[in-house]
Student: 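Below are the structure tokens for one structure; questions will follow.
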Amino acid sequence: MRLIAGAVTDVGRVREGNEDSFVIDERIGLFAVADGMGGHQAGEVASATALESVRALTAAGRSVHDALVAANSAVHEKAGSKPGLRGMGTTVTAVTTGSDGRVTIGHVGDSRAYLLRESHLTQLTDDHSLVEELVREGRLTPEQASVHPQRSIITRALGVDAAVEVDVYPVEPAVGDRILLCSDGLTTMVSPSVIAGILRREPDPTDAAERLIDAANAAGGEDNITAVVIDVVDDGAAPVEPRTTVMAAGGAPEPSIPTDATAARGNSRRPRRRAFRGFGGGARRVLLYLLPALLVIGLAIGVSGWYARNTFYVAFSHDHVTVFRGVPGGLLGWDPTIERRDELTRSDLTAAERADLADGHRFSSRDDAEAFVRRLVAGYEKRTAPTTTATASTAATTTVTATASTIGGASSTSAPPAPPTSKP
Ligand code: MG
């Protein structure tokens with residue numbers, strides 16, 4: 001098995017310059033994204049310097065942990081060398097594959113790694129950001145964090161101090177897995193469920209990266225956006241040359257890492273967006289793969305159609321707990337349909353329940369999905385019921401309200417009492 005990737009970085013719709021960088025080096029098995037900070041081009045220097053260092057150490061066979069520690073020193077030393085670079089720093093989230101096939105993620109900051117496995121998206125990395133730490137401490141909900149004015153403040157970065165703590169995550173890759181590395185310009189603009197839908201729909205890694213950037217720009221594009229989409233493929237599949245692409249911030253694509261990150265900025269007439277195909281080659285290769293692919297696609301559409309019509313999930317629709325038929329984000333053109341929208345709303349749920357429904361909680365039958373919603377309603381009733389109520393009357397109330405709240409959208413019933421709100 002091996003990893004192939006496509007990546008796109010984009011300045012977004014608000015910022016003047018792009019301080020994000022990425023590197024794809026299939027030959028040494030390195031894929032990374034970095035989001036620099038510092039202003040006046042210092043952020044661009046920081047992210048490019050960090051990835052240059054990570055790449056050199058990875059090529060020398062060092063672990064991703066050591067590579068990020070060395071990158072920290074490189075950025076820190078450079079920051080001390082020029083007044084204009086003082087205080088610069090960068091996030092780095094890097095995937096490396098060892099010669100033993102082991103995949104490891106090294107991570108500092110608030111860029112992210114996600115794993116899409118069997119259509120399910122999981123965030124692999126923890127953000128080193130102020131709001132995420134407050135969420136982990138239970139002082140903010142994920143919803144509050146997503147709109148928090150301080151959501152871009154990071155609590156750990158490469159290059160700011162002489163030492164840095166690096167998070168390391170081992171990954172057991174399987175063929176068919178897809179890993180996404182992205183800067184916060186994507187995740188602050190686009191929800192995980194939308195990201196998951198795009199990753200499921202777009203088979204080509206570069207196309208997927210393009211669509212993710214489109215989604216972030218459509219939502220406002222308030223920051224630089226970078227997406228690196230990595231597919232775990234069979235060794236026999238897609239026999240192409242290993243590819244190396246380095247995208248230093250602010251520069252044009254370089255065949256190799258520039259020795260001085262600022263040197264890359266000399267090519268100032270760069271396209272606004274830079275994308276790199278994971279697959280080289282032209283029409284010949286495409287045609288070769290087209291026939292069996294068409295057969296597989298035809299079969300897949302038939303099977304997925306059956307699957308989509310016989311699968312259910314519970315998620316939010318207009319903030320109401322809703323039973324859907326289908327697969328979150330759709331499956332090969334089969335879009336989910338709403339079966340029933342409950343009166344229970346997002347704010348009636350606990351943080352854990354909201355997180356559970358964020359990407360859709362799946363069931364193999366409508367009965368199971370309905371039973372799950374009834375449990376959510378019962379949990380809500382229990383939390384909001386007066387503690388002095390006798391057992392019998394609580395049961396009666398629960399039954400009545402549960403019945404009322406299972407009525408569809410047509411009839412309006414009185415809203416249940418508001419849940420207690422906890423201020424962070
Ligand atoms: Mg950013």
Student: Is a donor on one side and an acceptor on the other found under 3.5 Å between the side chain of R156 and the backbone of E165?
Tutor: yes
Student: Could you tell me which residues satisfy side-chain contact (heavy atoms from CB on, under 4.5 Å) with N224, sequence neighbours excluded, listed by chain and number?
Tutor: V11, R15, N18, E19, D20
Student: Taking only residues two or more places apart in sequence or in another chain, which ones pass ring pair (Phe, Tyr, Trp, His ring centres under 6.0 Å) with F324?
Tutor: Y313
Student: Measure across V75 and A46 and return the closest heavy-atom pair with its distance rounded to 0.1 Å.
Tutor: CG2-O, 3.7 Å
Student: Checking H361 now: which residues fulfil ring pair (Phe, Tyr, Trp, His ring centres under 6.0 Å) with it, not counting sequence neighbours?
Tutor: F363, F372
Student: So, do V64 and V54 sit near enough that their side-chain heavy atoms are less than 4.5 Å apart?
Tutor: no
Student: Do M88 and K78 have side-chain heavy atoms sitting under 4.5 Å apart?
Tutor: yes
Student: Tell me, please, which residues at least two apart from D359 pass salt bridge (charged side-chain N to carboxylate O under 4.0 Å, His left out).
Tutor: none
Student: If every non-hydrogen atom of A5 is compared with every non-hydrogen atom of V228, which pair is closest and at what distance?
Tutor: CB-CG1, 4.5 Å
Student: Check I225, V194, V229 against L212 for a side-chain contact (heavy atoms from CB on, under 4.5 Å) and give me the one that passes.
Tutor: V229
Student: Any side-chain heavy-atom pair from S183 and D223 closer than 4.5 angstrom?
Tutor: no
Student: Regarding E133 and T155, is there a side-chain donor-to-acceptor distance under 3.5 Å anywhere?
Tutor: yes
Student: Please give me the minimum heavy-atom distance between A113 and L181, naming the atom from each residue.
Tutor: CB-CD2, 3.6 Å
Student: Crowded around E172 CD? As in, over 12 foreign heavy atoms under 6.0 Å?
Tutor: no
Student: Can you confirm whether the side chains of R112 and T125 place a donor and an acceptor under 3.5 Å from each other?
Tutor: no
Student: Walk me through whether L68 and V164 qualify under side-chain contact (heavy atoms from CB on, under 4.5 Å).
Tutor: CA-CA 9 Å; L68 262 62; V164 72; 5.9 Å; no
Student: Would you kindly say whether S21 and S47 are connected by a side-chain donor-acceptor distance under 3.5 Å?
Tutor: yes
Student: If you measure from the Lys or Arg side-chain nitrogens to the Asp or Glu carboxylate oxygens, is any gap between R366 and E339 under 4.0 Å?
Tutor: yes
Student: Can you list everything that forms a side-chain hydrogen bond (donor to acceptor under 3.5 Å, both in side chains) with E77? Sequence neighbours excluded, please.
Tutor: none
Student: To check you understand the geometry: which heavy-atom pair defines the closest contact between A145 and V135, and what is its length?
Tutor: CB-CG2, 3.6 Å
Student: Do R375 and E381 meet the salt-bridge criterion of a basic N to acidic O distance under 4.0 Å?
Tutor: no
Student: Hey, what do you get for OG1 (T49) to CG (L158), rounding to the nearest 0.5 Å?
Tutor: 11.0 Å
Student: Does the side chain of R2 come within less than 4.5 Å of T97's, by heavy atoms?
Tutor: no
Student: Can you tell me if S317 uses its side chain to pair, donor with acceptor, with the backbone of H320 under 3.5 Å?
Tutor: no
Student: Go through T345 and V321 one step at a time and tell me if the side-chain contact (heavy atoms from CB on, under 4.5 Å) criterion holds.
Tutor: CA-CA 6 Å; T345 64; V321 172; over 6 Å; no
Student: Is there a side-chain contact between V92 and V108 (heavy atoms, below 4.5 Å)?
Tutor: no
Student: Treating E353 as the side-chain partner and L376 as the backbone partner, does any N or O pair qualify as donor plus acceptor under 3.5 Å?
Tutor: no
Student: A215 and V190: which non-hydrogen atoms are nearest, and at how many Å?
Tutor: C-CG2, 3.7 Å
Student: Is the backbone of S119 close enough, under 3.5 Å, to the side chain of R200 for a donor and an acceptor to pair up by distance?
Tutor: yes
Student: Evaluate the criterion side-chain contact (heavy atoms from CB on, under 4.5 Å) for residue pair Y114 and I179; output intermediate values, then yes/no.
Tutor: CA-CA 6 Å; Y114 285 93; I179 296 169; over 6 Å; no
Student: Taking the side chain as everything from C-beta on, heavy atoms only, tell me whether V168 gets closer than 4.5 Å to T104.
Tutor: yes
Student: Got a second to check how far D348's CG is from T384's OG1, nearest 0.5 Å?
Tutor: 8.0 Å
Student: Does S193 have any side-chain hydrogen bond (donor to acceptor under 3.5 Å, both in side chains) partners at least two apart in sequence or in another chain, and if so, which?
Tutor: S191
Student: For side-chain contact (heavy atoms from CB on, under 4.5 Å), just list the numbers for V373 and V323, CA-CA rounded to whole Å, side-chain angles, deciding distance to a tenth of an Å, and then say yes or no.
Tutor: CA-CA 8 Å; V373 173; V323 177; 3.8 Å; yes
Student: With distance as the sole test, does R178 use its side chain to make a donor-acceptor pair with the main-chain N or O of P203 at under 3.5 Å?
Tutor: yes
Student: With E202, which residues qualify under salt bridge (charged side-chain N to carboxylate O under 4.0 Å, His left out), at least two apart?
Tutor: none
Student: Give every residue pair that meets the ring-ring contact (aromatic ring centres under 6.0 Å, His included) criterion with at least one member in residues 122-155, sequence neighbours excluded.
Tutor: H107-H128
Student: As an exercise, state the distance from CG of L121 to CD1 of I198, rounded to the nearest 0.5 Å.
Tutor: 11.0 Å
Student: Check side-chain hydrogen bond (donor to acceptor under 3.5 Å, both in side chains) between R346 and all other residues, then give those that pass, not counting sequence neighbours.
Tutor: D319
Student: First locate atom CD1 of I28, then atom CG of L30, and finally report the distance between them rounded to the nearest 0.5 Å.
Tutor: 5.0 Å
Student: Are the side chain of D177 and the backbone of A174 linked by a donor-acceptor contact shorter than 3.5 Å?
Tutor: yes
Student: Only counting residues at least two apart or in another chain, list the ones meeting side-chain hydrogen bond (donor to acceptor under 3.5 Å, both in side chains) with R362.
Tutor: none
Student: Tell me if a side-chain donor or acceptor on D127 pairs with a main-chain N or O of S129 at a distance below 3.5 Å.
Tutor: no
Student: T206 and V8: which non-hydrogen atoms are nearest, and at how many Å?
Tutor: O-CG2, 4.2 Å
Student: When you compare the side chain of R383 with that of T350, does any pair of heavy atoms fall below 4.5 Å?
Tutor: yes
Student: I'd like to know whether CZ of R102 has more than 12 heavy-atom contacts from other residues, nucleotides or ligands below 6.0 angstrom.
Tutor: no
Student: Do the side chain of S53 and the main chain of A50 share a donor and acceptor less than 3.5 angstrom apart?
Tutor: no
Student: To the nearest 0.5 Å, tell me how far I230 CD1 sits from I4 CD1.
Tutor: 10.5 Å
Student: Could I get the full list of side-chain contact (heavy atoms from CB on, under 4.5 Å) partners for D126, not counting sequence neighbours?
Tutor: R136, Y169
Student: Can you tell me how far the CG atom of D231 sits from the CE atom of M1, to the nearest 0.5 Å?
Tutor: 12.5 Å
Student: Is there a side-chain contact between D25 and F31, using heavy atoms and a 4.5 Å cut-off?
Tutor: no
Student: Not counting sequence neighbours, which residues clear salt bridge (charged side-chain N to carboxylate O under 4.0 Å, His left out) with D110? List them please.
Tutor: none
Student: Between T226 and T9, do the side chains contain an N or O donor and an N or O acceptor separated by less than 3.5 Å?
Tutor: yes
Student: If only atom types and distance count, is the side chain of D10 paired as donor or acceptor with the main-chain N or O of G12 below 3.5 Å?
Tutor: yes
Student: Main chain of A216, side chain of R13: is a donor-acceptor contact present, judged purely on distance under 3.5 Å?
Tutor: no
